[in-house]
Protein chains: 2
Amino acid sequence: MSASQSYIHCQNCNFSHLCLPLALNTDEMDKLDTIVKRNNPLHKNDYLIESNTPLTSLYAVRTGSFKSYIEDDDGEYQITAFHFPGDIIGFDGLREKRHVSQTQALETAMVCEIPFHMLEDVAEKLPNLRNQLMKFMSAEIQQDRELVMLLNKRNAESRLLYFLISLSKRFEERGFSATSFLLPMTRTDIGNFLGLTVETVSRLLTRFQKNGLIKVEGKALEILKKGDMEQMLTDYHINIDSI
Amino acid sequence: MSASQSYIHCQNCNFSHLCLPLALNTDEMDKLDTIVKRNNPLHKNDYLIESNTPLTSLYAVRTGSFKSYIEDDDGEYQITAFHFPGDIIGFDGLREKRHVSQTQALETAMVCEIPFHMLEDVAEKLPNLRNQLMKFMSAEIQQDRELVMLLNKRNAESRLLYFLISLSKRFEERGFSATSFLLPMTRTDIGNFLGLTVETVSRLLTRFQKNGLIKVEGKALEILKKGDMEQMLTDYHINIDSI
DNA sequence: TTGCTGGTTTGACTTGGATCAACCCTTGCG
DNA sequence: CGCAAGGGTTGATCCAAGTCAAACCAGCAA
């Protein structure tokens, strides 16, 4: 471990309130801390996880962002999640102890690696940690199902609105600006995730801009009328609290 | 507990190979067995779980079938899963210790109720059970993500094919016929789940019948050319092993 | 500097599945 | 029995979003 990384601990991590340590006390956090490996940074497009490889660790995002996707044998793929600091990656592989999706860095990023067999050992002694793991998985199930409803029942406009508001919320939770941020993913990625084509995403973004809701310039997004956008979601009967 | 139910134990349940006992030895299974409550049967349309109620138990389906769905404030709803014997219901509520979806019986059905606080106690002592719980949740995440891909990337025909083949597989796993069974859900339910209208589902079923793939008469479904149907899925690049 | 590549935008056109509408079953109940 | 209600089928029409095509732009490598 390099000197520049040695002072990072769960204790002083900015995102521990969103991450596994959430429900742990200081002692427990220290125990968790001892098994966490902090690796070298990954760069844009680097793979954190490749499909079909054995699951040996879970990963917590420390900085940067990732996308996870599943792929069929024709190369068609489906992005299933975007990950930001504090998010835990890898739960979908627990069943077969083998990764079923791939995870790729969207920009320079760092993770905390949590070797799975050691996590099990620590969890043996820490009911709070077990609980926390279950809650994370449960949250993922809940979110995936909201996503299914979004995809099955909502039109393109509401899907993209939902996406922008959820990004805004996630940045805010992490102490970043809720109204001005860089989109780490491409328009194609957004479309893929939401079940829309790039063209539709692009057209909608320009429309939102024309309507004064947002300002986009390449990756830079500014949310100008968050209230209006949330009202639009409410009009679509989408509960903004569950985002 | 009535006399007619007293002889039911995980040990002699037909579906234990799919259910929580899966990875447990005889002793462990007995421990699990002691906390399981076997209630009176539910009837068609009865609620097993109502939305927003506190999560006190998980449920294992013993006989019959269920649908789970989430609902928005306009009454629009999305069926997120159908449940058959051996399936565990309730994982999506663990996060907030409160159910976020409703579960309704599709026909007369019975469940094993597993009080959650007792499950936690037993799991404390049984690593295998903990593991099993995690695997179940992980499987649910994995399935939900496959579903997202299905909904986002596939057309109506392949969605319904997938649905029929997955039903067939689930019946087979449970020792029922893989090619001849009753659809416990309505066409509307199928459409809702797959993001299609009733009309589309109905038209497709008639088309499949005209093409000699299946025979449908009301709820009764016969799969005549399973091989052809699987080949069609393969042509759509849908991996039938992951169904 | 030039050319290449991947990402984005915009316009014209097409289409799969939704919508609307009518009608036919069952099933159950007063 | 009659009739209401829920479920299912079939046909005609429509439209939101997909497809196809072209052009633009920024970043990067040679």
Side-chain angles (χ1 to χ4, degrees), chain A residues 43-46 67 75-79 104-108 150-164 182-211 214-221 232 236, chain B residues 43-46 67 75-79 104-108 150-164 182-211 214-221 232 236:
Chain A
H43 300 101
K44 188 171 173 168
N45 294 330
D46 283 353
K67 64 176 171 186
E76 178 106 59
Y77 66 101
Q78 171 66 51
I79 296 177
Q104 221 176 342
L106 293 170
E107 58 193 313
T108 302
L150 189 76
L151 300 172
N152 262 352
K153 302 280 182 282
R154 315 299 186 183
N155 64 12
E157 174 171 289
S158 51
R159 289 188 214 179
L160 189 57
L161 278 172
Y162 174 98
F163 181 76
L164 296 178
L182 294 179
L183 298 167
M185 69 292 285
T186 65
R187 309 283 194 266
T188 309
D189 285 342
I190 297 175
N192 181 291
F193 180 67
L194 295 175
L196 304 170
T197 56
V198 211
E199 293 94 325
T200 301
V201 172
S202 178
R203 276 185 250 271
L204 282 172
L205 286 175
T206 12
R207 197 168 87 204
F208 290 164
Q209 174 151 250
K210 276 185 187 143
N211 297 346
I214 62 171
K215 187 165 175 298
V216 256
E217 218 184 310
K219 301 276 177 201
L221 180 79
M232 289 170 79
Y236 278 119
Chain B
H43 300 101
K44 189 172 170 166
N45 294 330
D46 283 354
K67 64 175 171 187
E76 179 107 59
Y77 67 101
Q78 170 67 50
I79 296 176
Q104 223 175 342
L106 293 170
E107 59 192 312
T108 302
L150 189 76
L151 301 172
N152 262 352
K153 302 279 181 284
R154 315 298 186 185
N155 65 8
E157 174 170 289
S158 52
R159 289 188 214 180
L160 189 57
L161 278 173
Y162 174 97
F163 181 75
L164 296 179
L182 294 179
L183 297 167
M185 68 293 284
T186 65
R187 309 283 194 267
T188 309
D189 285 342
I190 297 174
N192 182 291
F193 180 68
L194 294 176
L196 304 170
T197 56
V198 211
E199 293 95 325
T200 301
V201 173
S202 179
R203 276 185 249 270
L204 283 172
L205 285 176
T206 7
R207 199 168 86 204
F208 290 165
Q209 174 150 249
K210 277 184 187 143
N211 297 346
I214 61 170
K215 187 165 174 299
V216 255
E217 218 184 310
K219 301 274 178 202
L221 180 79
M232 289 169 79
Y236 278 119

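Proteins get letters first, then strands, A, B, ... in listed order; numbering begins at 1 in each.
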A.B. asks: Return the set of residues passing side chain to side chain contact (heavy atoms under 4.5 Å, CB included) with A:Ser158 (not counting sequence neighbours), or none when no residue passes.
C.D. replies: A:Arg154, A:Asn155, A:Tyr236, A:Ile238
A.B. asks: Under 3.5 Å, which N/O atoms of the protein pair with N/O atoms of nucleotides 25-30 of chain C?
C.D. replies:
none

A.B. asks: When the distance from CG of B:Asn152 to P of C:dG17 is rounded to whole Å, what number comes out?
C.D. replies: 14 Å
A.B. asks: Report the residues that fulfil salt bridge (charged side-chain N to carboxylate O under 4.0 Å, His left out) with A:Lys153, sequence neighbours left out, ordered by chain and then residue number.
C.D. replies: none
A.B. asks: Rounded to whole angstroms, how far apart are NZ on A:Lys153 and P on C:dG17?
C.D. replies: 15 Å
A.B. asks: Give the rounded distance in Å between these two atoms: CG of A:Asn45 and P of C:dT5.
C.D. replies: 17 Å
A.B. asks: Residues two or more places apart in sequence or in another chain: which of them pass side chain to side chain contact (heavy atoms under 4.5 Å, CB included) with A:Glu199?
C.D. replies: A:Thr197, A:Arg203
A.B. asks: For B:Glu107, enumerate each residue passing the salt bridge (charged side-chain N to carboxylate O under 4.0 Å, His left out) test, keeping only those at least two apart in sequence or located in another chain.
C.D. replies: none
A.B. asks: I want to check something: taking the side chain as every heavy atom from C-beta on, are B:Leu150 and B:Leu194 in contact at a cut-off of under 4.5 Å?
C.D. replies: yes
A.B. asks: Work out how much the helix from C:dT1-D:dA30 to C:dG30-D:dC1 bends between its end axes, five pairs an end, to the nearest 10 degrees.
C.D. replies: 30°
A.B. asks: Atom CZ of B:Arg207 to atom C1' of D:dT10: distance rounded to whole Å?
C.D. replies: 14 Å
A.B. asks: Whole angstroms only, please: what is the CG-P distance between B:Leu160 and C:dA18?
C.D. replies: 12 Å
A.B. asks: May I have the distance from A:Tyr236 (atom OH) to D:dA16 (atom P), rounded to whole angstrom?
C.D. replies: 11 Å
A.B. asks: Specify the closest pair of heavy atoms between A:Phe163 and A:Met185, including all atoms of both residues, with the distance to one decimal.
C.D. replies: CZ-CE, 3.9 Å
A.B. asks: Distances for protein N/O vs nucleotides 4-7 of chain D N/O pairs under 3.5 angstrom?
C.D. replies:
none

A.B. asks: So A:Leu161 and A:Phe208, do their side chains get closer than 4.5 Å, heavy atoms only?
C.D. replies: yes
A.B. asks: Could you tell me which residues satisfy side chain to side chain contact (heavy atoms under 4.5 Å, CB included) with A:Lys44, sequence neighbours excluded, listed by chain and number?
C.D. replies: none
A.B. asks: With sequence neighbours excluded, what pairs up with A:Thr108 under the side chain to side chain contact (heavy atoms under 4.5 Å, CB included) test?
C.D. replies: A:Pro41, A:His43
A.B. asks: Tell me: CG of B:Leu194 to P of C:dG17, nearest whole Å?
C.D. replies: 12 Å
A.B. asks: Using the test side-chain hydrogen bond (donor to acceptor under 3.5 Å, both in side chains), find all partners of B:Gln104 that sit at least two apart in sequence or belong to another chain.
C.D. replies: B:Tyr69
A.B. asks: Which residue, B:Thr200, B:Leu204, B:Asn192, B:Leu205, forms the side chain to side chain contact (heavy atoms under 4.5 Å, CB included) with B:Arg187?
C.D. replies: B:Leu205
A.B. asks: State the CG-OG distance between B:Leu196 and B:Ser202, to the nearest 0.5 angstrom.
C.D. replies: 12.0 Å
A.B. asks: With respect to the phosphate group of D:dT10, does any side-chain polar atom (N or O) of B:Ser202 fall under 4.0 Å of OP1 or OP2?
C.D. replies: no
A.B. asks: Within the 4.0 Å limit for protein heavy atoms, which parts of nucleotides 17-30 of chain D are touched? Write it as a string from 5' to 3', B for base, S for sugar-phosphate only, - for none.
C.D. replies: SSBB----------
A.B. asks: How many angstroms lie between CG in B:Leu182 and NZ in B:Lys219, if you round to the nearest 0.5 Å?
C.D. replies: 9.0 Å
A.B. asks: Tell me the interatomic distance from B:Gln209, atom CD, to D:dT10, atom C1', rounded to whole angstroms.
C.D. replies: 14 Å
A.B. asks: To the nearest 0.5 Å, how far apart are CE in A:Met232 and CG in A:Asn211?
C.D. replies: 7.0 Å
